[in-house]
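Below is one structure, written out as C-alpha cells, with a few remarks after it.
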Amino acid sequence: MIGQSPLRTFIAHAVLILGILIVAFPIYYTFVASTHTLQTILRPPLPLLPGGQLWNNYGEALFGGIGRIGGVSVGTLLLNTTIMALGVAAGKIFISILSAYAIVFFRFPLRMTFFWLIFITLMLPVEVRILPTYKVMVDLGMIDTYAGLIIPLIASATATLLFRQFFMTIPGELVEAARVDGAGPWRFFFDILLPLSRTNIAALFVILFIYGWTQYLWPLLVTNSNDMNTIVIALRKMVSFADADTEWHLVMVTAMLAIVPPILVVVLMQRWFVRGLVESEK
Amino acid sequence: MATVDLKEVKKVYPSGVEAVKGVSIAIPDKELCVLVGPSGCGKSTLLRMIAGLETISAGTVAIDGKVVNAIGPTERDIAMVFQNYALYPHMKVYDNMAYGLRNRGTPKDEIDSRVRSTAKVLELSALLDRRPRELSGGQRQRVAMGRAIVRNPKVFLFDEPLSNLDAKLRGQMRVEIKNLQRALGVTSVYVTHDQLEAMTLADILVVMNAGLVEQTGAPLDIYEKPASIFVASFIGAPPMNLLALTGSSSGPILADGTAIGFAPPETPAVTLGFRPEDADVTFNAEALPGALVLPATVEAVEPVGAESFLHCAAAGSRIIVRVSGRATAKPGDQLRVVAKAEKLHWFDQAGKRVD
C-alpha cells in the first residue's frame with residue numbers, strides 16, 4: 001500500500017495478531033496441558049505456562065501404552081494412521097492418474113460412459129455405501145487389516161477429474177512429438193506425463209494425506225481390535241464420560257501428536273510444490 | 001536418402017469432413033517440398049498423414065519406395081519440427097535431443113557424440129544444460145531442429161516451424177533451415193502459409209487450396225505462370241492485380257469499358273491479371289502500343305524504402321503498382337498504369353490460366 005500511515009500499520013498488525021492468537025491459543029493450551037500431571041489438569045485453573053512433565057508424559061504415551069485403549073502405545077497408533085494415510089493418498093493418486101490417463105489419451109469404446117461413471121460417483125458420499133462396503137470387507141476377511149482400512153477409500157473421482165483437467169492442458173504437439181520420438185504409451189507416461197504432473201501430485205498428496213489422516217467413520221467401523229485403531233479413533237476412545245476416568249494428560253499428548261504429521265506434510269510438501277510451480281511450464 | 005511419394009491421398013474425418021481430397025505429390029531424394037496454402041486447405045493434415053500422426057483414408061504414402069500407410073510414426077523413420085516446438089519442458093536441452101535416440105536403444109556413447117556434434121552445428125553447445133523455458137524463441141527453434149537432426153531420419157517434416165518467431169529471426173532461420181537441409185541432404189516436407197517462406201525455401205512448391213493441389217512446380221515457374229487465379233493471388237506479395245473482362249463486338253474489354261489495345265489470347269478469358277512489379281506508371285499521354293494502359297487515380301502511397309507501392313483506382317477496381325525507390329506520385333494524382341502485353345496473365349471462366 002502507498003502512503004501508509006503508522007496508525008494503519010498498527011491496526012493491521014493488531015488485527016492479524018489477534019487472529020493468530022484466536023487460532024493458536026487452543027493449540028498452545030493443549031500443548032500446555034500435555035506437559036502437566038493429571039492432577040494439575042483436574043485441579044482448575046490450568047496454568048498458562050508449560051509444566052515439567054513433558055518428557056514423562058510424551059514418553060509414557062509413545063512407548064508405554066495407554067490403559068483405556070487396551071495398553072496400546074501412541075507410537076502404534078501413529079504407525080497405523082501413517083500407513084493408512086499414506087496408503088490412501090498413494091492409492092488414490094495411483095488409481096486416479098491411471099484412469100485419467102486412459103480417459104484423456106486413449107480412444108476406446110464407451111470412453112465417455114466410463115468418464116461419466118467415474119464422475120457420478122462424486123454424488124455418492126462414503127456414508128451412503130458404507131453398509132455394502134462393510135459387508136464386502138467382512139466377506140473378504142479384511143476387518144482389522146490395513147488393506148481393509150485403505151482399499152475402500154482409494155477410488156477418487158475428484159482426483160481423477162483433477163488429473164483429467166491437467167492432462168487436457170498438455171499440448172497435443174507434445175504427445176505427437178513423443179510418438180515421433182518413439183515413446184510408446186508407457187514411456188510417454190513415465191518419461192513425460194509423470195514428471196509434468198509432479199506439481200499436481202504434490203498438491204493432491206497433501207490434501208489426500210490429510211483426508212486419510214482425519215478419517216473417522218470408516219476406521220471406526222472396520223477396526224475392532226485396539227492395536228489396529230487409528231489415532232483419531234483412539235483419541236475418541238480415550239475420553240470417558242467421567243472426568244476422573246480419563247487420563248487427560250495423555251489425551252492431550254495424543255492430540256498434540258495427532259496434529260504433528262499433517263503439519264509436517266504440509267510444511268515439507270509446500271516447499272516442494274512451490275518449487276514445482278515455479279519450474280513447471282507447458 | 002529417401003523419396004516421398006503420395007498417391008491420391010485422401011483424408012475424411014469421421015464427421016464426414018473431407019480435409020484432403022486426393023493429393024498426389026512425388027518428392028525426389030534430398031529435395032525440399034513446401035506445401036503452401038491458406039489455413040484450412042489441408043496442408044497440415046497432409047503433413048500429419050506423412051508423419052503417421054493421422055490415419056490415411058484412401059491412397060498411399062510411400063517413403064523410400066515402401067508404402068507406410070499401416071505403420072506408426074516411430075517406424076517411419078521421420079522427424080518432425082512442430083509449430084510450438086513441442087520441447088519436453090522438464091528435460092534439459094541435451095535430454096530433449098537424446099530422448100528419441102534413447103527410445104531407439106542407441107548406445108550411450110553414440111548418443112552423446114551425436115547430440116554434441118549436432119549441438120555444435122546448431123550453436124547449442126553452451127545451452128545443453130538449460131531447460132526449454134530458459135531459452136529464447138530462436139534457441140527453442142534450434143533445439144527443435146536439433147532434436148530432428150540428431151536422429152538422422154529419412155525425412156524431415158516441418159509444420160510451420162517459423163510462425164512463432166519475430167520477422168527478423170524468421171528471415172535468419174529460413175536461410176539456416178535451407179542451408180542445413182541442403183548440407184544434410186535429407187528429403188523434407190515443409191508446411192507454411194507464408195508465401196515468402198514457400199518461395200525462398202522450396203525446391204518443389206505445392207500450392208494447395210480446399211484439400212486439392214492447385215499447382216506443383218519450381219517456385220519461380222509457379223510465380224511466372226500461375227495455373228489459376230487462386231495461385232496467382234496467393235503467390236507473390238502484394239498479390240497480383242486482377243481485372244474482370246466483358247465481351248464486346250470488338251473482343252473483350254475491361255469491365256468499365258476500357259479497351260485492351262491489343263489482341264487477347266485465342267481462348268476466351270474473363271479475367272486479366274498483372275503483377276504489381278510488372279506494371280509501371282507514367283504521367284505522359286503518349287500512345288503505348290502492345291501494352292495495357294489504364295487511367296488511374298492514386299489513392300495511397302506506401303513507401304517501403306527500396307520500393308514504393310502505389311494503391312490506385314483503375315478500371316473500376318483497386319490495383320497496386322510497385323515502383324522502385326521513392327515514388328513521385330502523391331495521393332490524388334491522375335496517371336496511367338502501364339503493363340506490357342507479355343507480362344499479362346489471362347484466366348478463363350473456371351479460373352484456370354489460358355495462354
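In what follows, every chain begins at residue 1, and chains take the letters A, B, ... in the order their sequences are listed. Note that these values count all heavy atoms, side chains included, but never hydrogens, waters or copies made by symmetry.
When B/M80, B/R147, B/R102 are compared by the number of non-hydrogen pairs under 4.5 Å with chain A, B/R147 comes out ahead. Comparing B/Q83, B/M91, B/R76 by heavy-atom pairs within less than 4.5 Å of chain A, the highest count is held by B/Q83.
For B/A86 against A/L174, the heavy-atom pair with the smallest separation is O-CD1, 3.5 Å. Of all non-hydrogen atoms in B/Y99 and A/F188, the two that sit nearest each other are OH-N, 4.5 Å.
At a 4.5 Å heavy-atom cutoff, the contact between B/L87 and chain A is made by backbone atoms alone. If you measure heavy-atom distances from B/A51 to chain A, you find no contacts under 4.5 Å at all.
Atom-to-atom distance recorded for A/E176:CD and B/E54:CD is 7.5 Å, nearest 0.5 angstrom. Residue A/D191 holds its CG atom at 6.5 Å from CG of B/N103, rounded to the nearest 0.5 Å. Atoms CG and OH, on A/L196 and B/Y88 in that order, are 11.0 Å from each other to the nearest 0.5 Å.
The side-chain heavy atoms of A/V180 and B/T74, taken from C-beta on, include no pair separated by under 4.5 Å. At least one side-chain heavy atom of A/R179 sits less than 4.5 Å from a side-chain heavy atom of B/L53.
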Item to check | A/D181 and B/R151: CA distance, side-chain angles, deciding distance, salt bridge (charged side-chain N to carboxylate O under 4.0 Å, His left out) verdict | outcome: CA-CA 9 Å; A/D181 262 346; B/R151 289 237 325 269; 3.4 Å; yes
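Other residues, nucleotides and ligands contribute only 12 or fewer heavy atoms inside 6.0 Å of the CZ atom of A/F94. Annotation: B/K10, atom NZ; neighbour count of heavy atoms from other residues, nucleotides and ligands within 6.0 Å does not exceed 12.
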